[in-house]
Amino acid sequence: MNSWKKRILSALLLVCLGVFILLKCDRGTGWVLSKESGEEDELILYDRWGRVVDKDFYDERTWVNYITDEIVEIGHSCGSPCRYVYYYNVKTAELTEPPAFFNSILIDCQYVAYWDYDKKVLVITDIYRKGLYYKEIQRDFSPTPNPTGLFWRFELTEDEENFIVEYSSGKDYEKVEEIIPLRD
């Protein structure tokens, strides 16, 4: 083979290898940035390539909390204990679909439980509301202005087949432990 053909073939192989590496390499994670921008402060969510995923304004009642290395909880207090919360995955750039969850309970960084005031039921859904999971639960929950405050424990079992739930029930606020199957 001629030397110029070898050079072209080598250059082509190097370009293909470079493109493959760029497509396959893990560019790390995204990040959350808060900055002052006049009257209100700005919260900016970036993906791992530095592109803006979402922008929002916040004040002193807003917090950013890294739940894990990947999942960030962004919340806004409406006065104790009322709060709105949404989640952002800095690795995959997934963001909770609006609206934010009101007084929610995060379950093993996969699901969120919240009270649906219109239907008067507890709702469990996948964290990013992709429609992967949705379940409504109706029980004799104790009366309270903040129904999610009735829950003592809410977690997945080790086999991830059931939820273990402890909550207050009835007018006497009796503590109940229940196993709720993930799939019916």
Side-chain angles (χ1 to χ4, degrees), residues 18-37 40-78 80-116 122-137 146-167 179-184:
V19 169
F20 177 78
I21 290 171
L22 282 174
L23 291 174
K24 288 295 185 182
C25 74
D26 185 1
R27 294 190 178 255
T29 62
W31 64 93
V32 178
L33 173 71
S34 59
K35 66 178 187 174
E36 293 182 18
S37 61
E40 290 184 304
D41 296 330
E42 192 172 23
L43 186 70
I44 306 169
L45 308 178
Y46 292 94
D47 68 9
R48 61 186 182 178
W49 291 281
R51 296 179 296 211
V52 174
V53 173
D54 191 45
K55 285 184 181 182
D56 202 357
F57 292 99
Y58 70 96
D59 59 23
E60 68 276 355
R61 297 174 297 174
T62 302
W63 72 88
V64 175
N65 183 24
Y66 276 77
I67 304 294
T68 68
D69 290 343
E70 294 181 13
I71 298 178
V72 179
E73 176 183 70
I74 301 157
H76 183 80
S77 174
C78 305
S80 185
C82 298
R83 62 197 175 11
Y84 286 95
V85 176
Y86 63 99
Y87 300 94
Y88 177 60
N89 187 314
V90 294
K91 189 151 179 115
T92 63
E94 292 174 289
L95 183 63
T96 301
E97 290 293 320
F101 297 108
F102 182 67
N103 289 349
S104 61
I105 300 168
L106 181 62
I107 308 164
D108 291 346
C109 296
Q110 296 179 56
Y111 304 96
V112 175
Y114 65 94
W115 188 255
D116 185 321
L122 182 73
V123 174
I124 305 171
T125 187
D126 52 293
I127 189 171
Y128 299 109
R129 290 190 179 135
K130 292 181 173 182
L132 302 174
Y133 187 80
Y134 181 89
K135 186 172 197 163
E136 294 180 357
I137 299 172
N146 176 14
T148 55
L150 296 170
F151 293 90
W152 303 75
R153 180 177 172 201
F154 214 128
E155 61 190 37
L156 278 174
T157 55
E158 281 187 38
D159 62 4
E160 297 188 358
E161 295 292 323
N162 301 290
F163 294 106
I164 301 172
V165 184
E166 289 181 13
Y167 59 90
I179 303 291
I180 297 175
L182 190 67
R183 309 279 182 229
D184 288 328

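In what follows, residues are counted from 1 in the order of the sequence shown.
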With a 4.5 Å cut-off on side-chain heavy atoms, are [Y] and [X] touching?
X    : Y    : answer
V72  : I67  : no
V112 : Y87  : yes
F57  : D41  : no
P99  : R129 : yes
Y66  : V90  : yes
I74  : Y58  : no
Y114 : N103 : no

Please indicate whether W63 has more than 12 foreign heavy atoms, meaning atoms of other residues, nucleotides or ligands, lying under 6.0 Å from its CH2.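 Result for CH2/W63: enclosed.
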More than 12 heavy atoms from other groups under 6.0 Å of CG on D59: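 Yes, the 6.0 Å shell around CG holds more than 12 heavy atoms from other groups.
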Using every non-hydrogen atom in the two residues, find where [X] and [Y] come nearest and quote the distance to one decimal.
X    : Y    : value
I127 : L106 : CD1-CD1, 3.7 Å
Y86  : D56  : OH-OD2, 3.7 Å
Y133 : L182 : OH-O, 2.8 Å
K91  : R48  : O-CD, 4.0 Å
V85  : S104 : CB-OG, 4.0 Å
I107 : E155 : CG2-CA, 3.8 Å

Looking at [atom1] of [X] and [atom2] of [Y], how far apart are the two atoms once the value is rounded to the nearest 0.5 Å?
X    : Y    : atom1 : atom2 : value
L156 : E161 : CG    : CD    : 9.5 Å
N162 : T157 : CG    : OG1   : 4.5 Å
I137 : Y167 : CD1   : OH    : 9.0 Å
T148 : R83  : OG1   : CZ    : 6.0 Å
L45  : R51  : CG    : CZ    : 14.0 Å
I124 : Q110 : CD1   : CD    : 12.5 Å

Give the intermediate values and the outcome of side-chain contact (heavy atoms from CB on, under 4.5 Å) for residues L95 and Y128. CA-CA 6 Å; L95 183 63; Y128 299 109; 5.6 Å; no
Between E136 and L122, is a side-chain contact (heavy atoms from CB on, under 4.5 Å) present by the stated rule, with each step listed? CA-CA 6 Å; E136 294 180 357; L122 182 73; over 6 Å; no
Run the side-chain contact (heavy atoms from CB on, under 4.5 Å) test on F154 and Y111 for me, step by step, so that the C-alpha distance in whole Å, both residues' side-chain angles and the decisive distance to 0.1 Å come before the verdict. CA-CA 10 Å; F154 214 128; Y111 304 96; over 6 Å; no
One pair to check against side-chain contact (heavy atoms from CB on, under 4.5 Å): E160 and D108. What are the steps and the verdict? CA-CA 10 Å; E160 297 188 358; D108 291 346; 5.9 Å; no
